[in-house]
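In what follows, a single structure is set out as structure tokens and then discussed.
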2 protein chains.
Amino acid sequence: MTDDTGRSLRKDAARNRERLLAAARELFAQRGLDVTLNDIAHHAGVGVGTAYRRFANKEEVIDALFEEGLRQVAAVADEALADTDAWNGLVSYLERSMELQFGDRGLNEIMNNPALGDERVSDARTRIAPLIEKLVARAKEQGLVRADLDQTDIVFAQVGLSAIMDRSRAVEPDLYRRYLTLFLDGIRADRPEVTPLPTPALTAEQTHTAMTAGRRR
Amino acid sequence: MTDDTGRSLRKDAARNRERLLAAARELFAQRGLDVTLNDIAHHAGVGVGTAYRRFANKEEVIDALFEEGLRQVAAVADEALADTDAWNGLVSYLERSMELQFGDRGLNEIMNNPALGDERVSDARTRIAPLIEKLVARAKEQGLVRADLDQTDIVFAQVGLSAIMDRSRAVEPDLYRRYLTLFLDGIRADRPEVTPLPTPALTAEQTHTAMTAGRRR
DNA sequence: ACTAAGCGGATATTGTCAATCCGTTTCTTG
DNA sequence: CAAGAAACGGATTGACAATATCCGCTTAGT
């Protein structure tokens, strides 16, 4: 194991580096990107000083982990393109990439809340956008989605869906699937029958809870 | 003009109180709820001290203005119910309430970002939820929307759409209408033809800009 | 067994806001 | 129009949160 400068690390140092990354992965996924490097250190069972000797700052930790998430999303898009049925491909990309973002608040935030990501987001776009473009183009050629659908619509759908996901996470984690289905019914070229919704709507009380359970700030 | 305790205010004090409210209205609408009471004071052309003499804290200013926004949304819902065509009513409620939220980031945040609102949100729910319920019930009875649509779906649609609105505001303010239309096409009971989309999709570059133009933090 | 590398965590630093205080100015009314 | 009450402005204080550093102690490795 080597550090950023390439020199090899002492055994305990290497172990701690891994522990820190594991803790960061877990905390980012669970609580989002604004956990403190101190939090991460303690969760990893090491002191803050150690964290700061391994990583110059939080950014560096995020960078180290972001690549992972990005690869996962790209992989999902690739698999989706491998499906010869363009509609299934599109649906599966949306479902699975939303699942990834769902399981990982940190990834979700990097993807959606720029300011934190900027060049990271650029990365994501240049790697993933072309795949989405193909996914959409195929589906359009085959006449499966409405002709006026654009590749960028997929991105904004994800923006909207993650907002819903964030809101309902605590009450009914799967709720976003319901709205994904509605979206899909909205972009199909023709829709003789409605697609059954995978998740029941929240009750009025549950909705109220979801809207009242604040997080941020 | 009287202050909170009912005693009458000196003329300049009354004037400043109005100025402060106007400035708050404007800044909340423009920049959201986390503007500082100092910001508001300066924008109103008065000192911070003055602001704090008129209002105990920011909460109080928000309260004074929230009622306004809430009334507007309720009015829109009422008008929507007055339309005998249940579909038009539903569409018009969504369009117009989104317009209100669009024009007013502060309202948007109160409606969507609890933590700040809590009991205010409760207020909103108890006043507006029943109206939405009727709107949806009518449309279902008339067989205009899919049978599995629920009143709470309207709320979550608004959550998703405001996220999109927030993201695209700087690049193409009207973009959310595009996704509203897709949503509407998704909830119609049957949809022989697709509804033309009111706003062109963003280009890839515009999308990138929108995703990269951070605000928060 | 010696030393460079690593460790922990108290502490300094920085930034952001809310809120107060007080010397000065402006109303009001007798 | 004089005088005191009311209001004003804005520098300043205080609270807090998060980042990052420093340094005396511990440990790996030869």
Side-chain angles (χ1 to χ4, degrees), chain A residues 1-24 27-28 30-64 106 109 113 115-116 214-217, chain B residues 1-24 27-28 31-65 106 109 113 115-116 214-217:
Chain A
M1 183 47 74
T2 62
D3 73 0
D4 307 322
T5 70
R7 291 183 325 113
S8 85
L9 290 176
R10 224 169 69 176
K11 193 171 50 164
D12 53 345
R15 178 166 40 76
N16 282 337
R17 186 177 198 276
E18 284 318 303
R19 280 194 186 163
L20 281 165
L21 281 176
L27 287 186
F28 282 155
Q30 220 166 76
R31 303 207 256 129
L33 290 178
D34 54 4
V35 293
T36 282
L37 204 39
N38 289 31
D39 287 341
I40 295 174
H42 289 125
H43 196 261
V46 307
V48 206
T50 304
Y52 277 95
R53 198 164 321 89
R54 290 297 136 245
F55 305 96
N57 49 45
K58 201 167 68 179
E59 286 285 284
E60 225 176 274
V61 184
I62 295 178
D63 274 332
E109 284 177 30
N113 184 333
L116 282 166
R215 27 182 205 95
R216 137 163 348 125
R217 227 185 222 304
Chain B
M1 183 48 69
T2 61
D3 73 1
D4 307 322
T5 70
R7 291 182 327 113
S8 86
L9 290 177
R10 226 170 68 173
K11 193 171 50 167
D12 51 346
R15 178 166 39 76
N16 282 337
R17 186 176 199 276
E18 284 318 303
R19 281 193 186 164
L20 281 165
L21 281 176
L27 287 186
F28 282 157
R31 304 208 255 127
L33 290 179
D34 54 4
V35 294
T36 282
L37 205 38
N38 288 34
D39 288 341
I40 295 174
H42 289 124
H43 196 260
V46 308
V48 206
T50 304
Y52 277 95
R53 198 161 324 88
R54 289 298 136 245
F55 304 95
N57 49 44
K58 202 167 68 177
E59 284 286 283
E60 223 177 275
V61 183
I62 294 177
D63 274 333
L65 291 176
E109 284 177 29
N113 184 333
L116 282 166
R215 27 186 206 91
R216 134 162 353 120
R217 222 184 222 302

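What you see is a predicted model; the values in this text were computed from it and never measured. Order of the sequence lines sets the chain letters (A, B, ...), proteins ahead of strands, with each chain counted from 1.
Across the protein-nucleic acid pair, L33(A) atom CG and dA18(D) atom P stand 14 Å apart, rounded to whole Å. The interatomic distance linking L27(A) (CG) with dA18(D) (C1') rounds to 16 Å, in whole Å. Atom NZ of K58(A) is separated from atom C1' of dA17(D) by 12 Å (rounded to the nearest Å). Here the C1' atom of nucleotide dA19(C) and the CG atom of D39(B) are 15 Å apart, to the nearest Å. Going from atom CG of L37(B) over to atom C1' of dG9(D) covers 14 Å, rounded to whole Å. What separates CG of N38(A) from P of dT11(C) is a distance of 14 Å, to the nearest Å. Note: CD1 (I40(B)) to P (dC17(C)) measures 13 Å, nearest angstrom. We find that CZ of R17(B) is positioned 17 Å from C1' of dC8(D), with the value rounded to whole Å.
From R54(A), atom CZ reaches atom CG of L21(A) across 11.0 Å, with rounding to the nearest 0.5 Å.
When all heavy atoms of Y52(B) and N57(B) are compared, the closest pair comes out as CE2-CA, 4.5 Å. For the residue pair V61(B) and A24(B), the shortest heavy atom distance occurs at CG1-CB, 3.5 Å. When all heavy atoms of R17(B) and F55(B) are compared, the closest pair comes out as NH2-CE2, 3.9 Å.
Comparing T50(A) and N57(B) along DNA chain C, the residue whose closest nucleotide (by nearest heavy atom) sits nearer the 5' end is T50(A).
Using a 4.0 Å cut-off, no side-chain N or O of T36(B) falls inside it from OP1 or OP2 of dT16(C). Residue Y52(A) places at least one side-chain N or O closer than 4.0 Å to OP1 or OP2 of dA20(D).
Listed by chain and number, the residues in a side chain to side chain donor-acceptor pair (under 3.5 Å) with R31(A) amount to none (sequence neighbours excluded). Every side chain to side chain donor-acceptor pair (under 3.5 Å) that D12(B) has, sequence neighbours left out, goes to R10(B). Every residue was checked against the side chain to side chain donor-acceptor pair (under 3.5 Å) condition with R53(A), not counting sequence neighbours, and none meets it. R15(B) pairs by the salt bridge (Lys or Arg N to Asp or Glu O under 4.0 Å) definition with nothing, not counting sequence neighbours.
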Which donor-acceptor pairs under 3.5 Å do the side chains of residues 36-47 of chain B make with protein atoms, sequence neighbours left out?
{"unit_1": "D39(B)", "atom_1": "OD2", "unit_2": "T36(B)", "atom_2": "N", "d": "3.3"}
{"unit_1": "H42(B)", "atom_1": "ND1", "unit_2": "N38(B)", "atom_2": "O", "d": "3.1"}

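Listed in residue order, the members of residues 41-49 of chain B having a heavy atom less than 4.0 Å from DNA chain C come to none.
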Check nucleotides 13-16 of chain D for protein N or O atoms closer than 3.5 Å to its own N or O atoms and list the pairs.
none

ask   = Can you give one letter per nucleotide of nucleotides 23-30 of chain D, 5' to 3': B if a protein heavy atom sits under 4.0 Å from the base, S if only from the sugar-phosphate, - if neither?
value = ----BSS-
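No side-chain donor-acceptor contact under 3.5 Å links N16(A) to the backbone of R19(A).
Distances from the side chain of N16(A) to the nucleotides dC8(D), dA20(D), dC7(C) place dC7(C) closest.
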